[in-house]
Amino acid sequence: MTLYGVGLGPGEADLVTVRGKRVLEECDVVYSPGRLSRSVALEHVSEERIGDLDFPMTKDEEKLRAAWKEAAAEIAPNARDGDVAFVTLGDPNVYSTFGHLRRTIDAFHPDVELEIVPGVSAVTAFATALGVEIEAGAGLSLREAAAGASPTGPDRMILFKVTDAPATHEGLVDAGYEVTYGRRLFMEQGETVVTDDPEEIDERDYYTLAYAEKADLEIERATAAFAREAGADETGESSSEAEATGTEPVADGGDREVEELERAEGCEHGDCGGH
């Protein structure tokens, strides 16, 4: 008998993994910590099998610990008698409420078996939604940017919990970053927004992230040579001839123009039809 921590993915019901869907369908009770995760779970299980848990909206650690102990006491007996699941948006081990439950179960109910079913996290889903390619070998840092924070340093960053986009944007631009914002990506609840204008998302929303990249970052991908070859074919000049004469088949900037073309096609500045 097992307690499963199931990642539901970013919010669309059909982005739940095949394993996650199977576990949800087979569990006796599926516990949900909030409205959004509940709405996704209901696409895969009947309402009578949903177990709601009450967690206070507070930063008071004593109240939070009491709530997690109460939740663990509710879940543990059912996990001993059968299979139950605790669902969470994204992945259970990445910025998730499941970590609190797992530690509480370990402390007070160590006999309960635990298993985690990973889910699609915004850590990876953002790249598709924003049209960003993180090529092999690239460095990428994950940071929080709540309350207008503007963490800096790495060449590329994913920023979570961007609750004051204008303030965050100002700090990042001053530090030399280009920034694209995504709100409620792959979520059925609420409007999805992708933009490079922080004023479009100036109201507070926990489900807002940003991708920040140094403006002067030079990216030379191996496949850039294909664009040069294609350009040479169009002009009737072979790539070897171009190399011999020292000419570039791409006008006004050579590799730099290829790089800018790749960046534009990748929608790095939010120009991707609103998604």
Side-chain angles (χ1 to χ4, degrees), residues 6-17 20-21 24 32-45 47 50 52 55 57 87-92 94-98 119-134 140 142-151 156-173 177-213 263-275:
V6 179
L8 297 176
E12 292 182 353
D14 59 355
L15 285 177
V16 175
T17 66
K21 178 178 175 63
L24 294 179
S32 165
R35 176 175 53 86
L36 296 181
S37 57
R38 188 181 195 276
S39 68
V40 178
L42 280 171
E43 295 292 324
H44 302 283
V45 300
E47 188 163 6
I50 296 288
D52 292 317
F55 298 111
M57 297 295 291
V87 297
T88 177
L89 293 181
D91 183 275
V94 181
Y95 284 82
S96 169
T97 56
F98 180 73
V120 179
S121 170
V123 172
T124 53
F126 89 95
T128 297
L130 271 59
V132 174
E133 178 190 357
I134 307 300
L140 184 65
L142 177 63
R143 303 289 178 87
E144 283 195 26
S150 302
R156 302 176 182 86
M157 297 184 294
I158 312 169
L159 307 178
F160 281 86
K161 304 179 183 179
V162 183
T163 54
D164 187 345
T168 294
H169 190 83
E170 182 178 0
L172 291 173
V173 170
Y177 289 91
E178 294 178 346
V179 193
T180 305
Y181 299 91
R183 170 165 291 175
R184 294 186 175 255
L185 304 176
F186 295 108
M187 294 183 72
E188 296 175 346
Q189 310 85 1
E191 180 186 6
T192 294
V193 179
V194 175
T195 181
D196 58 3
D197 182 0
E199 299 300 330
E200 290 186 25
I201 50 173
D202 59 352
E203 73 278 8
R204 178 184 175 89
D205 190 312
Y206 176 86
Y207 296 102
T208 302
L209 57 76
Y211 173 67
E213 181 179 291
R263 291 165 70 92
E265 291 177 345
C267 298
E268 286 191 90
H269 301 291
D271 186 19
C272 43
H275 197 51

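Between I50 and V45 there is a side-chain heavy-atom pair separated by less than 4.5 Å. Two residues are said to be in side-chain contact when any heavy atoms from C-beta on lie closer than 4.5 Å; L89 and Y207 meet this criterion. T192 is listed as a side-chain neighbour of L185, based on a closest heavy-atom distance under 4.5 Å.
Between the side chains of R183 and T208, at least one donor N or O lies within less than 3.5 Å of an accepting N or O.
The ring pair (Phe, Tyr, Trp, His ring centres under 6.0 Å) check on Y95 picks up F160, with sequence neighbours excluded. Applying the salt bridge (charged side-chain N to carboxylate O under 4.0 Å, His left out) rule to E144 yields the partners K161; only residues at least two apart in sequence or on another chain are considered. Residues satisfying the ring pair (Phe, Tyr, Trp, His ring centres under 6.0 Å) criterion with F126, sequence neighbours excluded, are Y211. Evaluation of the side-chain contact (heavy atoms from CB on, under 4.5 Å) rule for A127 yields no partner, not counting sequence neighbours. Shown here are the side-chain contact (heavy atoms from CB on, under 4.5 Å) partners of D202, two or more places apart in sequence or in another chain: P166, E199.
Taking all atoms of both residues into account, the shortest heavy-atom contact from P10 to L15 is CG-CD1, 3.7 Å. Taking both residues in full, the closest heavy atoms of M157 and L140 are given as N-CD1, 4.1 Å, listed atom of the first, atom of the second, then distance. Contact between S150 and A167 at its shortest, heavy atoms only, is OG-O, 3.5 Å. Counting all heavy atoms, side chain and backbone alike, L159 lies closest to L172 at CD1-CD1, 3.5 Å. Considering all non-hydrogen atoms of both residues, A210 and V162 come closest at N-CG2, 4.0 Å. For T88 against S96, the heavy-atom pair with the smallest separation is OG1-OG, 3.1 Å.
In this structure, OG1 on T17 lies 10.0 Å from CG on D91, to the nearest 0.5 angstrom. Note that CD1 of I134 is 11.5 Å distant from OG1 of T124, once rounded to the nearest 0.5 Å. Rounding to the nearest 0.5 Å places CD of E200 at 3.5 Å from OG1 of T195. Atoms OG1 and CD, on T128 and E133 in that order, are 11.0 Å from each other to the nearest 0.5 Å. Within the model, atoms NE2 of H44 and CG of L8 stand 7.5 Å from one another, a figure rounded to the nearest 0.5 Å.
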For R184 and D205, what are the C-alpha separation, side-chain angles and deciding distance, and is it a salt bridge (charged side-chain N to carboxylate O under 4.0 Å, His left out)? CA-CA 9 Å; R184 294 186 175 255; D205 190 312; 3.0 Å; yes
Could you go step by step and tell me if D196 and V179 meet the side chain to side chain contact (heavy atoms under 4.5 Å, CB included) rule? CA-CA 6 Å; D196 58 3; V179 193; over 6 Å; no
Tell me which donor-acceptor pairs under 3.5 Å the side chains of residues 33-41 have, and how far apart each pair is, sequence neighbours excluded?
| unit_1 | atom_1 | unit_2 | atom_2 | d |
| --- | --- | --- | --- | --- |
| S37 | OG | S32 | OG | 3.0 |
| S37 | OG | G34 | O | 3.2 |
| R38 | NE | D52 | OD1 | 2.9 |
| R38 | NE | D52 | OD2 | 3.3 |
| R38 | NH2 | E47 | OE2 | 3.3 |
| S39 | OG | L36 | O | 2.7 |
| S39 | OG | Q189 | NE2 | 2.9 |

